[in-house]
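Data first, discussion second: the structure below is written as structure tokens.
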Amino acid sequence: MIAHHPDRDQIRIENVLSALGNPMRLTVVRVLSDGEEHNCGSILDGVSKSSMTHHWRVLRDAGVIWQRPSGRENLLSLRRADLDHRYPGLLDAILDGARGDAGLQRQG
């Protein structure tokens with residue numbers, strides 16, 4: 001069973017920032033930023049199922065992702081429209097910063 005997804009007006013900035021403050025969850029959001037749905041097993045390699053479940057829950061409960069059942073797995077997508085409506089420019093700024101940080105790590 002999929003837990004509750006907050007309505008757009010229930011998304012809180014402190015929950016979004018807390019969810020995106022974890023490097024693994026930020027990686028998930030970077031993958032989902034392509035606008036496609038991804039099955040939950042294709043996003044993070046080498047992570048236990050229980051850890052992935054935890055990260056999906058945090059992102060879902062914060063209003064960052066949609067999670068929907070599809071057969072025996074779940075599909076994930078970014079709630080870009082809702083996040084852009086609530087906090088214009090925030091997601092783009094976070095994703096740009098994450099890309100910049102990843103580039104610095106590769107150079108260093």
Side-chain angles (χ1 to χ4, degrees):
M1 178 175 110
I2 299 296
H4 136 288
H5 293 86
D7 292 333
R8 177 187 280 182
D9 62 341
Q10 294 174 323
I11 297 173
R12 305 285 306 198
I13 189 71
E14 61 270 20
N15 297 337
V16 171
L17 294 175
S18 178
L20 297 179
N22 176 282
M24 199 170 296
R25 292 191 289 268
L26 188 54
T27 297
V28 170
V29 171
R30 284 177 49 208
V31 170
L32 296 178
S33 70
D34 68 2
E36 302 295 321
E37 281 188 313
H38 293 264
N39 69 48
C40 60
S42 70
I43 298 175
L44 297 173
D45 292 327
V47 179
S48 72
K49 193 170 188 171
S50 62
S51 289
M52 287 192 306
T53 299
H54 167 73
H55 291 301
W56 306 153
R57 182 186 52 77
V58 171
L59 289 166
R60 183 186 63 239
D61 289 352
V64 175
I65 65 169
W66 291 114
Q67 184 178 10
R68 71 175 184 88
S70 176
R72 295 184 61 187
E73 54 190 11
N74 290 307
L75 296 176
L76 307 175
S77 59
L78 187 61
R79 292 182 68 173
R80 179 174 277 283
D82 290 337
L83 292 169
D84 287 347
H85 178 82
R86 291 282 290 152
Y87 310 108
L90 176 68
L91 189 58
D92 288 330
I94 289 171
L95 290 169
D96 287 346
R99 286 184 199 103
D101 289 350
L104 289 174
Q105 289 175 352
R106 283 191 298 271
Q107 292 173 3

Verify same cluster id: V47, L75 (apolar side-chain graph, 4.5 Å): no
Euclidean distance, H4 NE2 relative to Q10 CD, rounded to 0.5 Å: 4.5 Å
Residues which pass side chain to side chain donor-acceptor pair (under 3.5 Å) with R25, listed by chain and number, not counting sequence neighbours: H55
Contacts of type side chain to side chain donor-acceptor pair (under 3.5 Å), residue S51, not counting sequence neighbours: S48
Qualifying salt bridge (Lys or Arg N to Asp or Glu O under 4.0 Å) pairs with a residue from residues 80-94, counting only residues at least two apart or across chains: R8-D82, R79-D82, R80-D84, R80-D92
Student check: side-chain heavy atoms of I43 and L32 closer than 4.5 Å: yes
For S70, all residues meeting side chain to side chain donor-acceptor pair (under 3.5 Å), sequence neighbours excluded: none
With sequence neighbours excluded, residues passing ring pair (Phe, Tyr, Trp, His ring centres under 6.0 Å) with W66: H5
Qualifying salt bridge (Lys or Arg N to Asp or Glu O under 4.0 Å) pairs, either residue in residues 33-51, two or more places apart: E37-R68
Interatomic distance, S33 atom OG to I94 atom CD1 [nearest 0.5 angstrom]: 12.0 Å
Donor-acceptor pair, side chain of T27 and main chain of P23, under 3.5 angstrom: yes
Residue pair S42 / H38: nearest heavy atoms and the distance that separates them: OG-CB, 4.0 Å
V58-L78 co-clustered via ILVMFWY side chain contacts under 4.5 Å: no
Exercise: identify the closest heavy-atom pair between A98 and L26: CB-CD2, 3.7 Å
Point-to-point distance, once rounded to the nearest 0.5 Å, from OG1 of T53 to CZ of R60: 9.0 Å
Distance (rounded to the nearest 0.5 Å) between Q67 CD and L76 CG: 5.5 Å
Main-chain N/O of D9 paired to D7 side chain as donor or acceptor, under 3.5 Å: no
From CA spacing to verdict: side chain to side chain contact (heavy atoms under 4.5 Å, CB included), V16, I11: CA-CA 8 Å; V16 171; I11 297 173; 3.5 Å; yes
Minimum heavy-atom distance A19-A62, with the two atoms named: CB-CB, 3.8 Å
Side chain to side chain contact (heavy atoms under 4.5 Å, CB included) partner of L83, chosen from L90, V29, V64: V64
